[in-house]
S.K.: 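Before I ask anything, let me first share the structure, which is written out below as structure tokens.
Only a predicted model underlies this, so the values are computations on that prediction, with no experimental measurement involved.
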Amino acid sequence: MTTMPVTNSSYTSRAPSFWRLSPATCWTLLFLAALAFLLPGIVGHGPWKQDETYSFGIIHTMIETGNYLVPTNAGQPFMEKPPLYYWTATFFAKLLSPFLPYHDGARVASLFYMVVSLVFITKITRVIWREKTVFNVRTLATLALFVSTIGMVRHAHDMFTDVALVCCSIIAFYGLLNIVINERDTTQTPQAAIWFGVGVGAALLAKGLLLPIVYTGVAILAPMLLKECRSRSYAKMVAIAVLVSLPFFIIWPTLLVQHSIPLFMKWFWDNNVGRFLGFSVNELGAQNTKWLIISAPFEILLPTTPLVIYAFFTKAGRHFSEPHIALALLFSAISMILLGIAASGRHLYYLPLSFPFALLAINAIEHLPSKISAIWDWFSRIVFGGLTLFIWAAYIISMMPAEQHHWLTPLGKWLPLSFVTPFTVLPFTFAVALTLAWLYVLTRLKQLGQWRGAFSWFANITFMWGVTYTVLLPWIDYAKSYEYTYKTLEDKIALLWNKQSCMASVRLGESEAPMLSYYVGIVHTPIYTASAARCNWLIVQDDLPMSNKRMQGYTSDHIATDTTATEAAYWTITNEGQGESQAPWALFWSGARDGDDSQLLRVFRRVTPIIP
């Protein structure tokens with residue numbers, strides 16, 4: 001069964017009346033909708049733990065040193081991921097440095113990759129349904145489903161490599177889909193193969209081998225479902241794509257080998273092969289669980305997962321001979337199998353499935369009973385709309401004196417109730433405008449028929465995200481950023497620190513170390529290195545599980561002055577230190593993020609300094 005072309009006239013005849021607008025008006029509305037989703041959360045806050053902090057540590061090192069070959073985090077090689085995203089973020093950080101802090105400028109790289117993703121999704125849907133314009137319901141619904149999956153809402157604004165990986169995957173899908181469709185239409189051109197090769201090759205430089213392996217499997221297995229792929233011409237196009245991708249697979253790895261074989265092996269063997277087979281998981285973390293493959297699609301890929309299941313078990317999904325359905329199914333199946341058997345796993349590893357799931361969900365929505373669409377619509381209004389009204393109320397209360405914040409106790413698990421949110425005109429105006437737009441959209445959703453559920457989900461979750469990450473952003477940043485913690489250390493140590501000083505570290509994490517470098521200007525020296533023995537300063541990170549009975553009822557201030565805790569740090573220093581590190585230490589500073597009673601940072605100073 002081949003894809004039936006959908007002409008503009010056939011669509012317009014059944015389009016809602018308020019969509020029959022001038023092209024300029026349509027583009028303006030689309031642009032405003034994109035801004036409403038993309039902008040909140042991109043600027044206005046520091047790097048947040050877990051992934052943003054180490055990512056920016058690498059970016060900051062590239063900015064400061066000009067070393068673009070080896071990803072380096074706070075002075076230590078960090079070979080977990082290749083450097084494509086870090087290169088892009090460094091470029092934007094430098095470009096925008098006259099206007100934005102480095103960390104905000106670097107995060108614009110995620111905005112760039114999201115815009116490219118949306119452009120290629122538009123190109124894909126227009127190829128599938130033979131549309132001449134973006135403004136058709138299936139293209140807009142695909143875009144809405146993709147960006148409004150829980151995972152994309154949460155992570156599309158983050159400063160980390162997975163945003164680039166999703167983009168590269170979509171580019172590769174566009175290229176492979178065009179190879180298949182051109183084969184069907186006997187109009188094969190190398191352009192499709194070039195895009196396929198660029199997407200797969202860039203995916204390697206974005207995060208490693210997994211996605212190239214997935215697309216290798218898709219290209220090999222495609223002839224099983226698509227007769228168009230059973231030809232020499234198809235094989236020739238795939239071969240061209242392989243040649244196009246070779247520079248991505250050769251240049252950076254070869255340069256890395258020439259620089260340091262151990263670092264290459266750390267990236268290739270430990271972080272790619274080892275994470276999959278399991279022999280490096282104990283060291284690197286992110287242990288997979290048997291339930292993750294079940295829970296992740298229902299958490300990070302909502303709302304598309306139920307729709308994909310519905311399509312698969314009804315006639316809505318029985319179109320395996322259509323190129324976009326077959327390729328999306330193959331990509332999803334191979335990805336799920338590999339992610340399920342891999343020894344390492346996290347929810348965000350499933351992000352590249354957001355687009356193929358959205359594509360598969362479109363077929364389900366076209367066959368969805370109108371009652372289900374209405375229920376979906378009202379569910380979105382009640383859940384996300386209700387949460388956002390609560391956020392507005394929380395914002396108003398949070399601007400009151402801290403004594404009134406007992407009304408916000410449910411938020412105290414994540415946000416410090418002592419913080420008083422400042423009033424700023426621009427975020428408040430943006431949030432009010434977004435609220436008014438949301439109220440208007442709610443009155444029009446019924447005109448969308450069976451598509452109302454999808455667009456309602458997008459409108460309501462975008463509204464919730466936009467309001468939260470404008471009016472409450474200072475409060476969230478105060479809780480999640482290390483800026484305010486390290487600022488107190490910077491103020492205290494500034495007059496005592498000089499160019500000859502060094503600070504040894506014990507258990508300082510991959511997130512905390514780069515923030516020490518960025519906010520205080522101190523690059524730590526791990527305690528296991530020989531040079532640490534000559535340092536007169538030492539920073540110790542203690543992770544204090546809430547289940548630790550000795551710490552029950554303690555606050556960060558209690559722990560900072562606890563003699564037992566200080567003695568434990570001294571014991572760690574004398575047992576893990578090198579050479580002459582037996583001298584006693586005095587507690588100089590201690591701090592933690594406000595409300596974070598699970599972690600404590602302490603800085604010690606030698607009682608008798610070693611003279612350099």
S.K.: Do the rings of F92 and F112 sit parallel, tilted or perpendicular, given the 30° and 60° boundaries?
M.R.: tilted

S.K.: Is there a donor-acceptor contact under 3.5 Å linking the side chains of S501 and N498?
M.R.: yes

S.K.: Is D51 salt-bridged to R346, cutoff N-O under 4.0 Å?
M.R.: yes

S.K.: Only pairs under 3.5 Å count here: list side-chain donor-acceptor contacts from residues 64-72, not counting sequence neighbours, and write none if there are none.
M.R.:
unit_1	atom_1	unit_2	atom_2	d
T65	OG1	T61	O	2.7
T65	OG1	N67	N	3.2
N67	OD1	L69	N	3.2
Y68	OH	K94	NZ	2.8
T72	OG1	V70	O	2.9

S.K.: Could K492 and F588 be counted as a cation-pi pair, given that NZ or CZ must be under 6.0 Å from the ring centre and within 45° of the axis?
M.R.: yes

S.K.: Determine whether a donor-acceptor pair (N or O, by modelled atom type, separation under 3.5 Å) exists between the side chain of S295 and the backbone of W291.
M.R.: yes

S.K.: Mind checking whether W497 and W537 have parallel, tilted or perpendicular rings, split at 30° and 60°?
M.R.: tilted

S.K.: When you compare the side chains of T435 and W392, does any donor N or O come within less than 3.5 Å of an acceptor on the partner?
M.R.: yes

S.K.: Have a look at T470 and tell me which of F430, F428, W465 forms a side chain to side chain contact (heavy atoms under 4.5 Å, CB included) with it.
M.R.: F430

S.K.: Step through it carefully: locate the ring centre of F604, locate the ring centre of W585, and say whether they are under 6.0 Å apart.
M.R.: no

S.K.: Ignoring hydrogens and angles, tell me if any N or O in the side chain of W457 forms a donor-acceptor pair with the backbone of T149 under 3.5 Å.
M.R.: no

S.K.: Between Y486 and W589, what is the ring plane arrangement, given parallel below 30°, perpendicular above 60°, and tilted in between?
M.R.: parallel

S.K.: Supply the atom-to-atom distance D158 CG to M152 CE, rounded to the nearest 0.5 angstrom.
M.R.: 10.0 Å

S.K.: Determine, stepwise, if the pair Y349 / L210 fulfils side-chain contact (heavy atoms from CB on, under 4.5 Å).
M.R.: CA-CA 10 Å; Y349 293 178; L210 181 61; 5.9 Å; no

S.K.: Pairs in or reaching into residues 475-523: which pass disulfide (SG to SG under 2.5 Å), with residues at least two apart or in two chains?
M.R.: C502-C535

S.K.: Is the positively charged end of R593 above the ring of Y484, judged by distance under 6.0 angstrom from the centroid and angle within 45° of the axis?
M.R.: no

S.K.: Side-chain donor-acceptor pairs under 3.5 Å in residues 297-306, sequence neighbours left out?
M.R.:
unit_1	atom_1	unit_2	atom_2	d
E299	OE1	H347	NE2	2.8
T304	OG1	L301	O	2.5
T305	OG1	P297	O	2.4

S.K.: Only one of H103, E483, H60 clears side chain to side chain donor-acceptor pair (under 3.5 Å) with Y518; which?
M.R.: H103

S.K.: Do H155 and F160 make the cut of ring centroids closer than 6.0 angstrom?
M.R.: yes

